There are 2 protein chains.
Amino acid sequence: MQKTSPPVQDYLKTIYELTREGRPASTNAIAERLRLQPASVTGMLQRLAARQPPLVTYRKRHGVQLTPAGRRVALEVIRHHRLLETFLVEKLGFRWDEVHEEACRLEHVISERMEERIAAVLGDPLFDPHGAPIPRADLTLPQREELPLTQVPGGSRIRILRVPDDDPALLRRLDALQLRPGTEARIRTQSPLEAVVTLEVAGRPPIPLGYPVGALVFVEVLS
Amino acid sequence: MQKTSPPVQDYLKTIYELTREGRPASTNAIAERLRLQPASVTGMLQRLAARQPPLVTYRKRHGVQLTPAGRRVALEVIRHHRLLETFLVEKLGFRWDEVHEEACRLEHVISERMEERIAAVLGDPLFDPHGAPIPRADLTLPQREELPLTQVPGGSRIRILRVPDDDPALLRRLDALQLRPGTEARIRTQSPLEAVVTLEVAGRPPIPLGYPVGALVFVEVLS
DNA sequence: TACTCTATTTAGTCTAGACTAAATAGAGTA
DNA sequence: TACTCTATTTAGTCTAGACTAAATAGAGTA
Ligand SMILES: [Mn+2]
Ligand SMILES: [Mn+2]
Ligand SMILES: [Mn+2]
Ligand SMILES: [Mn+2]
């Protein structure tokens, strides 16, 4: 792994996430995620593509994809991030809404040795506190079937697998509603036209979620 | 505490250590410790002195001292550093020769929240694995009588309090010789002319230490 | 086929923090 | 009182990574 700066690592991580569905990441999408000006992103993309070896393939006005070298860096940083989040929650008593920002700074400076020690004391976890998969030391990802809550038919029984990690206010709200990885629920109604999915958790009052939120909550269908 | 970059924090930490005996730190001494060119240090000292509030008082060709604001930043970073070293050894199973470099990167990015959590799980330790005092949350330092090994009269019984933290090879050697904080020994000979102090630890063969090393090992005199 | 609009790029700046090479202050010596 | 030597400073560069303002490619529309 060539030496990369924290900004470069955050770009690669963002591009990794934006290209999960196979299509190149756009300049503006990257700029929005990283809260930078699009012009700054264009400059960085050109530098990432010009590195030896190149970390992205960049086609002007068509967006970027990661090269194998870029993907390795991204997965390495994501492994750091998710191990750190898990460690902060499990061993240091952080709440799950406090860890993302801390992990986003620490992920760039921990050594491979520290990564290895953290993984060891946690017992090589495969998922972080938000249910996101933690790349293994060989950078492979644990696979499983996930569906966004917005795509599950009404009436299904589901188990929550994963929630978004970067919005502390939402995380506190989900926690208060007991919507955490592992929680089982029934889809009471699925209403694409109103863009609302309503959950029912063990006799508690029904919980309506709008699609912008529901699309970020991933579940497995139990029946 | 105003926002300070990692380089600025390392400068302030270094200046703190170089000015422990009250005299200003010289440009060259700082450059040597940080492995930078003296010209680069001059530039930084001018910037540190020009900040609002100033972090150092800088008299051209006479060296720098920390202002109260600069001292606060230095102590805050030193607290991070020493808590981290302790945590890495106690909770993550690092050896004492591995932690300095790791702590020197992490010290700049952990939040006050994380500092607080680490201190809590460690039980608010007052000394790090090398015996260095850890500034308390209010930035006061635990005080105690320390003498460099080179200044203890021959024949004295001593207990090792503190060893230098930044030389991994020396730390491994000291560990192999069982010269660690807490170890008790007798000064077999103190020879300023030959610049050697010889220690005797519990029936093991005598251990001669040259003054460049002896001056960095601090002890308390038992009798 | 020309026009419009938006996403993106280009051009030019700025800052922090490093560097090298050359100048110089001033302590100590002749 | 002038000279020498070393530590330090000055002057000028460079790089990464940000910014703003202006230009433009090219998809979609008239
Ligand atoms: Mn996160
Ligand atoms: Mn980050
Ligand atoms: Mn240290
Ligand atoms: Mn440091």
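From a predicted model like this one, the values you see are computed outputs, not experimental measurements. Per chain, numbering begins at 1; letters A, B, ... match sequence-line order.
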Rounded distance [0.5 Å steps], CD in A:Glu76 versus CZ in A:Arg72: 10.5 Å
Which residues pass the side chain to side chain donor-acceptor pair (under 3.5 Å) test with A:Glu90, not counting sequence neighbours?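 Scan of A:Glu90 (side chain to side chain donor-acceptor pair (under 3.5 Å), adjacent residues dropped) gives none.
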Please collect all salt bridge (charged side-chain N to carboxylate O under 4.0 Å, His left out) contacts where either partner lies in residues 14-43 of chain A, sequence neighbours excluded, each pair once.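 Only A:Glu17-A:Arg33 qualify under salt bridge (charged side-chain N to carboxylate O under 4.0 Å, His left out).
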Taking DNA chain C as the partner, which of residues 21-28 of chain B come within under 4.0 angstrom of it by heavy atom?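 Those residues whose heavy atoms fall under 4.0 Å from DNA chain C, taken from residues 21-28 of chain B, amount to none.
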What are the residues of [range], sorted by number, that bring a heavy atom to within less than 4.0 Å of DNA chain D?
range	result
residues 30-42 of chain B	B:Pro38, B:Ala39, B:Thr42
residues 10-18 of chain B	none
residues 44-55 of chain A	A:Met44, A:Arg47

Sub-3.5 Å donor-acceptor pair from the side chain of B:Thr67 to the main-chain atoms of B:Pro54, do we have one? yes
Look only at the side chain of A:Glu145 and the backbone of A:Glu220, and say whether a donor-acceptor pair between them is shorter than 3.5 Å. no
Give a yes-or-no answer on whether the side chains of [X] and [Y] include a donor-acceptor pair shorter than 3.5 Å.
X	Y	answer
B:Glu107	B:His80	no
B:Glu102	A:Ser111	yes
B:His100	B:Asp166	no
A:His81	A:Asp128	no
B:Thr4	B:Gln9	yes

Which residues share a salt bridge (Lys or Arg N to Asp or Glu O under 4.0 Å) with [X], sequence neighbours left out:
X	result
A:Asp124	none
A:Arg79	A:Glu115
A:Arg113	A:Glu116, B:Glu98

Report yes if the side chains of B:Leu84 and B:Ile118 come closer than 4.5 Å at any heavy-atom pair, otherwise no. yes
Would you write the dot-bracket representation of DNA chain C, where each base gets (, ), [, ], | or . depending on whether it forms a Watson-Crick or G-U pair under 3.5 Å and with which partner? ||||||||||||||||||||||||||||||
Just jot down the side chain to side chain contact (heavy atoms under 4.5 Å, CB included) partners of B:Arg180, sequence neighbours excluded, or say none.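 If we apply the side chain to side chain contact (heavy atoms under 4.5 Å, CB included) test to B:Arg180, skipping adjacent residues, the hits are B:Trp96, B:Asp175, B:Gln178, B:Thr183.
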Counted 5' to 3', the first and last nucleotides of DNA chain C within 4.0 Å (strictly under) of a heavy-atom of chain A are C:dA7 to C:dT10
Do the side chains of A:Asp138 and A:Arg136 get close enough for a salt bridge, i.e. N-O under 4.0 angstrom?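 Looking at A:Arg136 together with A:Asp138, the answer is no, because their closest N to O distance does not fall below 4.0 Å.
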Position toward the 5' end of DNA chain D (nearest nucleotide), A:Pro6 or A:His62: A:Pro6
When you measure from the centre of the six-membered ring of B:Phe127, is the NZ or CZ of B:Arg144 under 6.0 Å away and within 45° of the axis? yes
